[in-house]
Amino acid sequence: MRFRTALAIALTGLAALGVLWGQKPFREWPAIEYENFPIPPDANHPAEWTRARLRYPDITGYTLRGSGRYFNFAGYWTMDYPRSDRHLLAGVRRLTRIDSRSTEQVVELDGSGEVNNWPMLYGVEVGHWLLPEDQAQQLRDFLLRGGFFMVDDFHGDQPYHDVFSEWQVFLASMSKVFPDRPIEDIPDNDPIFHTIYDLQDRFQVPGAQFLETGITYEAGATGIQPHWRCIRDEKGRIMVAICHNMDLGDAWEHSDNPLYPEKYASLAYRIAMNYFIYDLTH
């Protein structure tokens, strides 16, 4: 083996180790819905892949007012967390050959470059996020380097009582990330719908409110139609997968609930598996 070749291999190995050393350890954060959710016994088992969840600043400033007093609010980014994440990752292990960790990774756009260690990023309730310019720049850099961002669980596209819709709130921050790239509907024949499962027959995946109301949509009439949208890079690859007027997070969260219809949970898992495999192969 020539010296240059050996040196290149050694440097590549050190670079890879540097990425591993740079990863922050697993941490569980306070959440809106769950406390002391069981951590899987193999949580510290190393794996090749996991799905990261984005911890973003939101329109509440992490604080809400109730009963005449202020109190800390975990943030909309914690919706369904961590139950939804743990169920989903168990599904990844069962339905694919991806060597997945059993726990999620919470990632912030904190300027450290940590986000680049986790190529699959998920944002929930992005109808409430509020990205400052520096975080929008970091997200843009992450995506242009080959990262993949999936957003979910936000509803409606028209103002209600002079309050911005969740779609408008989402756009206000997303337009900082990509002011020059259009959001488009994903056609039925796009590879992202056909990596593992053929998903030409797609329907609205409802949130947990369905268990009480039997209604699949939120935000009134403007939330009835589900939308499968995206933002692409210059080569046509989907970088941002936008699940609007649906709640895949609740479907993963309640997939072990016998009252939540199996057809909705199954579609939510199939969508996720297709998106993850697409990200790894395109």
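Along the sequence shown, the residues carry numbers beginning at 1.
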Indicate yes or no: does [X] engage [Y] in a salt bridge with an N to O separation below 4.0 Å.
X	Y	result
Arg237	Asp279	yes
Glu104	Arg51	no
Arg27	Glu108	no
Arg97	Glu48	no

Inset, instruction - Check whether more than 12 heavy atoms from other residues, nucleotides or ligands sit under 6.0 Å from atom CG of Asn36, and answer yes or no. - result: no
Legend entry - Asn44 atom CG: more than 12 heavy-atom contacts under 6.0 Å: no
Inset, instruction - Would you verify whether the NZ or CZ of Arg202 falls within 45 degrees of the ring axis of Phe193 while also being under 6.0 Å from that six-membered ring's centre? - result: yes
Inset, instruction - Validate the cation-pi geometry between Arg229 and Trp167: distance from NZ or CZ to the six-membered ring centre under 6.0 Å, angle to the ring axis within 45°. - result: yes
Any donor-acceptor pair under 3.5 Å from [X] side chain to [Y] backbone:
X	Y	value
Ser255	Trp252	yes
Tyr275	Phe149	no
Asp250	Ala208	yes
Thr78	Ala31	no

Legend entry - Common cluster, Phe170/Ile224, ILVMFWY with side-chain heavy-atom separation under 4.5 Å: no
Legend entry - Student check: side-chain heavy atoms of Trp228 and Leu199 closer than 4.5 Å: no
Legend entry - Point-to-point distance, once rounded to the nearest 0.5 Å, from OG1 of Thr222 to CG of Asp157: 5.0 Å
Inset, instruction - Find the distance between CE (Met174) and CG (Leu139) and round it off to the nearest 0.5 Å. - result: 5.5 Å
Inset, instruction - Applying side chain to side chain donor-acceptor pair (under 3.5 Å), name anything that partners Asp233, two or more places apart in sequence or on another chain. - result: none
Inset, instruction - Could you tell me which residues satisfy side chain to side chain donor-acceptor pair (under 3.5 Å) with Asp190, sequence neighbours excluded, listed by chain and number? - result: Arg232
Legend entry - Qualifying residue, where the test is side-chain contact (heavy atoms from CB on, under 4.5 Å) with Trp77 and the options are Leu54, Val106, Val126: Val106
Inset, instruction - For Ser173, check side-chain contact (heavy atoms from CB on, under 4.5 Å) against everything at least two apart and list the hits. - result: Trp129, Leu131
